[in-house]
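Read the structure below first, then the notes.
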Amino acid sequence: MDIFCFKNTKKIKSFCFLCFLLFFASLSFADEGMWLFSNPPKEKIREKYGFEITPEFLDLLQKSSIRFGNGGSGSFVSSQGLVMTNHHVAVSSLQKLSKPGKDLVRNGFYAPTPQEELKCEGLELIQLMEIQDVSEEIHADLNAGSPENADQIRKEKINQIEQEGLNRMLEKGFARSSLKCEVVSFYEGGLYHLYIYRRFADVRLVFAPEESVGFFGGDPDNFEFPRYVLDVSFFRIYDKGAPYHPEKYLRWSSRGAKEGELVFVSGHPGRTNRFNTMDHLFFQRDEYYPYLMSSIRRKEVLLQTYAQRGKEEARQVASELFSIQNRRKNREGILLGLQTPDLIRQKFLEEQNLMNALIEKNLVVPDKYDPWKSIKDALEVYKKLMIPYDMLERGSAFDSELFKIARSIVRIAEESEKSDEKRLMEYRDSVLSALKENILNPGPIYPEAECIKLTSSLGSFLESQQIPPFWKKILKSQSPRQKAIELLSQTKLTDPAERKRLLDLDLASLKQENDPMIQLALTVDPTAREIRSLYEKKVQDPLRKAYTAIAQARFQLKDANYYPDATFTLRLSYGKIAGYIEDNGKTIPPWTFMSGAFQHAEKHDFIPPYDLAESWIKNKKDLDLSTPLNIISTNDIIGGNSGSPLINTKGEIVGLIFDGNIQSLVANFIYTDKQARALSVHSSAIQEGLQKIYRTDRILNELGK
């Protein structure tokens, strides 16, 4: 089989192959995997837990699951379109709904009547309706075409399949604006699925607790356990002005789950890189994450300084500051994992065992294609492209919502002049309507906050010394601060009506506009596109080809009975309620209790971020303080799973995923259930809080309580 070659075949093959088999055999004992709904680990679960996953069980979980467009997961929990997620997933909507004197992030919200529910402009929820395997169609076209044109062939075929899926749903009576069709690649191109989603744009806020409860313990406690948070919020989906009635929704469990009980998570984990080569891991450890951490820390300090100006300034950036702090601590954990010798040794052993297993199975053809070398060469190119690609194509040099809007308007105009299959992927017809809706979203933009962010990012661009002639062209002898003030004071993009007018113009007409932000986007775009093209040809495509070859090899060795890396698509993970033992020998039990929240606040003298909300203090006497508050399990999760339901074998909600512990953050690259744990709010704590603290009878009635 012509897959690839290895130059060094003089290894102790039989020993390494045995290690390889032992390694994969050990995986059956760990609750590992973010599994596709089309290929759940039925045998593993049956063997370990004695539970049979049925099609009906999978259908319930799939159709009850919701993806938040701003990143995160949720689930239908009533027949009236009630959706549950985390407070920290809801915080960006709370921020947009807030205004001077009405801080929903800080003070929380409850709508006692349907009329008082608040519409969340710009918030999109999507539900996965159908999954279709389209691998044979795409592979057939790829095999029939030339390797040099593989990327274009792939794009054209994907576009065709997405359009056919869209047309099929239109024939069933769905509105175009309510649909999203997306072909997703798994196993680095080994498998392709068409995902057909239903989009919901009319989403209304029903309930959110105070920030001091939803994020009790703040940054110091983030990614730690024990934890004491009620990180929950509720939204409602409306359809044609009335509450939406989902086909499926999850029932509520008051008792939650017992220690050792099998539980599932149905959610949308972000991106993992568990099959990266050693060279790729070293690149991320030594190049990518250090650069990323520097950018994150710079922005965190910037936002903290702005927030210290006063209550209103703090309110304006509360959501973004939370997000950047969460991101910083998450990436610190990932980088710490990459710097851990044990992890590196384990990943090295995996890679060597894989190579030698391929030799043992005669999957090696001398002097052919070596994917490991191809990956190494591509990463050498990426080292030189990484900063300009981030600054210009990803737009980090122009940190402003208004620049993002301007770029989208400019690119829509240019891409719309092309046939759909030749457009940039993010401007295809299948996603264009959602993009335009987002551009027209009238959410608040705060000029001074925009100014400090844009000033800082322009300064960072200047300091990077990337493409000196280009940044001189951008700044035109101005300081970053002067340029930011000029751009923000003269642009009209703060007005949604102006955005609508510009969206209707073609590229030639846009070039005649004198809006400085539009002109900046027009100036940046040619160079950004050049860098993107170079990145795709010299980095992305070689990496895809190489990892596809490695994925095909894994298929051969393991009969394809393993899960693909996470891709923000709906996944199923399984595990059990379990504590763990820390490195110092301390046993961490799988629960915390409501009493612990008061004790934790008292221990820190109720000083922020341990200032437990007044509503809790006032109602303490009514609470059953023995109620479990937070719970941990061995479920394999990652960022994007926030807001996912924790579900028992009856299909009932027993908890709400909100975090992982610090030991779980390395799950981007490797999973172990020795100490890594998924953190959830216990269902009984949510019920206790809704009933005795917030008196949300309407929500309790919908939950059947």
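Checked against the 6.0 Å centroid criterion, the rings of F186 and H193 qualify as a close aromatic pair. Taking the six-membered ring where the residue is Trp, the centroids of F51 and Y574 are separated by 6.0 Å or more.
The aromatic rings of F76 and F200 lie perpendicular to each other, with more than 60° between the two planes, well past the 30° mark.
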Stepwise salt bridge (charged side-chain N to carboxylate O under 4.0 Å, His left out) test for R501 and E498
CA-CA 5 Å; R501 184 185 73 82; E498 177 67 5; 2.8 Å; yes

Show the numbers, then the answer: is there a side chain to side chain contact (heavy atoms under 4.5 Å, CB included) between L61 and L572?
CA-CA 9 Å; L61 268 57; L572 180 72; 3.7 Å; yes

Decide side chain to side chain contact (heavy atoms under 4.5 Å, CB included) for R529 and L424; before the verdict, give the C-alpha distance in whole Å, the side-chain angles of both, and the deciding distance to 0.1 Å.
CA-CA 10 Å; R529 284 176 180 268; L424 298 176; 3.9 Å; yes

Would R428 and E162 count as a salt bridge (charged side-chain N to carboxylate O under 4.0 Å, His left out) here? Give the steps.
CA-CA 10 Å; R428 294 168 296 172; E162 289 176 346; 2.7 Å; yes

Audit row: E130, K172, salt bridge (charged side-chain N to carboxylate O under 4.0 Å, His left out) steps and yes/no:
CA-CA 13 Å; E130 293 185 15; K172 292 183 178 182; 3.2 Å; yes

Using the rule given for side chain to side chain contact (heavy atoms under 4.5 Å, CB included), can you reason through I412 versus L503, listing the C-alpha separation, both sets of side-chain angles and the distance that settles it, and then say yes or no?
CA-CA 8 Å; I412 285 173; L503 273 172; 3.8 Å; yes

Give the C-alpha distance, both sets of side-chain angles, the deciding distance and a yes or no for salt bridge (charged side-chain N to carboxylate O under 4.0 Å, His left out) between K180 and E437.
CA-CA 13 Å; K180 179 179 180 180; E437 286 177 17; over 6 Å; no

K422 vs S419, test: side chain to side chain contact (heavy atoms under 4.5 Å, CB included). Steps then yes/no.
CA-CA 6 Å; K422 293 184 178 179; S419 57; 3.6 Å; yes

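For the residue pair D377 / S374, no side-chain donor-acceptor distance below 3.5 Å is found, with atom types taken as modelled. When only modelled atom types and interatomic distance are considered, D565 and T272 share a side-chain donor-acceptor pair under 3.5 Å. Y238 and E117 share a side-chain donor-acceptor pair at under 3.5 Å. There is a side-chain donor-acceptor pair under 3.5 Å between R168 and Q132. Looking at S78 and E702, their side chains do bring a donor and an acceptor atom within 3.5 Å of each other. Side chains of E156 and Q160: a donor-acceptor N/O pair is absent below 3.5 angstrom, by distance only. Between the side chains of S65 and S266, at least one donor N or O sits under 3.5 Å from an acceptor N or O. For the residue pair N326/S323, the side-chain donor-acceptor check at 3.5 Å is not satisfied.
Taking the ring pair (Phe, Tyr, Trp, His ring centres under 6.0 Å) definition, one finds that F174 meets it with nothing, sequence neighbours left out. Scored by the ring pair (Phe, Tyr, Trp, His ring centres under 6.0 Å) test, F235 finds F68 as partners (sequence neighbours excluded).
Considering every non-hydrogen atom in both Q152 and E421, the closest pair reads NE2-O, 3.7 Å. Closest non-hydrogen pair, F234 versus V77, comes out as CE2-CG2, 4.1 Å. The two atoms that bring D636 and D31 nearest to each other are CB-O, 3.8 Å, heavy atoms only. Contact record, Y192 with D133: O-OD1, 3.2 Å, taken as the closest heavy-atom pair. Here the closest heavy-atom approach between residue P388 and residue I531 is recorded as CB-CD1, 3.8 Å. Listed here is the closest heavy atom pair of G165 and C181: C-SG, 3.8 Å.
Residue pairs meeting the ring pair (Phe, Tyr, Trp, His ring centres under 6.0 Å) criterion with at least one partner in residues 531-553, sequence neighbours excluded, are H280-Y547, Y382-Y535, Y389-Y535.
Atom CG in L36 sits 9.5 Å away from atom CG in L570 (nearest 0.5 Å). For the atom pair T567 OG1 and Y195 OH, the distance stands at 6.5 Å (nearest 0.5 Å). With rounding to the nearest 0.5 Å, the separation of CZ in F275 from CD1 in I670 is 11.0 Å. The line from OG of S64 to CG of L250 is 4.0 Å long, rounded to the nearest 0.5 Å. To the nearest 0.5 angstrom, I657 atom CD1 is 4.5 Å from I637 atom CD1. Residue N635 holds its CG atom at 13.0 Å from CD of E32, rounded to the nearest 0.5 Å.
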Side-chain donor/acceptor pairs under 3.5 Å, residues 136-143, sequence neighbours excluded:
{"unit_1": "H139", "atom_1": "ND1", "unit_2": "S135", "atom_2": "O", "d": "3.3"}
{"unit_1": "H139", "atom_1": "NE2", "unit_2": "G189", "atom_2": "O", "d": "2.9"}
{"unit_1": "N143", "atom_1": "ND2", "unit_2": "H139", "atom_2": "O", "d": "3.1"}

Show me the donor-acceptor pairs within less than 3.5 Å that the side chains of residues 240-247 make with the rest of the protein, sequence neighbours left out.
{"unit_1": "H245", "atom_1": "ND1", "unit_2": "S79", "atom_2": "O", "d": "3.0"}
{"unit_1": "E247", "atom_1": "OE2", "unit_2": "K63", "atom_2": "NZ", "d": "3.3"}

Can I get a per-line list of side-chain donor-acceptor pairs under 3.5 Å for residues 401-410, giving both atom names and the distance, sequence neighbours left out?
{"unit_1": "E401", "atom_1": "OE2", "unit_2": "K404", "atom_2": "NZ", "d": "3.2"}
{"unit_1": "R407", "atom_1": "NH1", "unit_2": "L392", "atom_2": "O", "d": "3.1"}
{"unit_1": "R407", "atom_1": "NH1", "unit_2": "E393", "atom_2": "O", "d": "2.5"}
{"unit_1": "R407", "atom_1": "NH2", "unit_2": "L392", "atom_2": "O", "d": "2.8"}
{"unit_1": "S408", "atom_1": "OG", "unit_2": "K404", "atom_2": "O", "d": "3.1"}

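For the pair K537/V381, no side-chain contact is recorded, criterion being any heavy-atom separation below 4.5 Å from C-beta on. With contacts defined as side-chain heavy-atom distances shorter than 4.5 Å, the pair D390/M386 does not qualify.
For K545, the NZ atom counts as loosely surrounded, since its 6.0 Å shell holds 12 or fewer non-hydrogen atoms of other residues, nucleotides or ligands. Around NZ of K418, the count of heavy atoms belonging to other residues, nucleotides or ligands within 6.0 Å exceeds 12.
Remark: the backbone N or O of L522 is not paired with any side-chain donor or acceptor of D525 at under 3.5 angstrom. In terms of modelled atom types and a separation under 3.5 Å, the side chain of D202 and the main chain of D239 share no donor-acceptor contact. A side-chain donor-acceptor contact under 3.5 Å links S644 to the backbone of N641. With hydrogens and angles ignored, the 3.5 Å screen pairs no side-chain donor or acceptor of R198 with any backbone N or O of L179. With hydrogens and angles disregarded, a donor-acceptor distance shorter than 3.5 Å links the side chain of S73 to the backbone of H268.
Test L292, N276, L379, I334 against Q284 for side chain to side chain contact (heavy atoms under 4.5 Å, CB included) and you get one pass: N276.
For R67 and F568, the positive end is not near the middle of the six-membered ring at less than 6.0 Å and at most 45° from its axis.
Ion pairing of R199 with E124 is present here, as a side-chain N (NZ or NE/NH1/NH2) and a carboxylate O approach within less than 4.0 Å. Between R499 and D495 there is no salt bridge, since none of the side-chain N atoms of the basic residue sits less than 4.0 Å from a carboxylate O of the acidic one.
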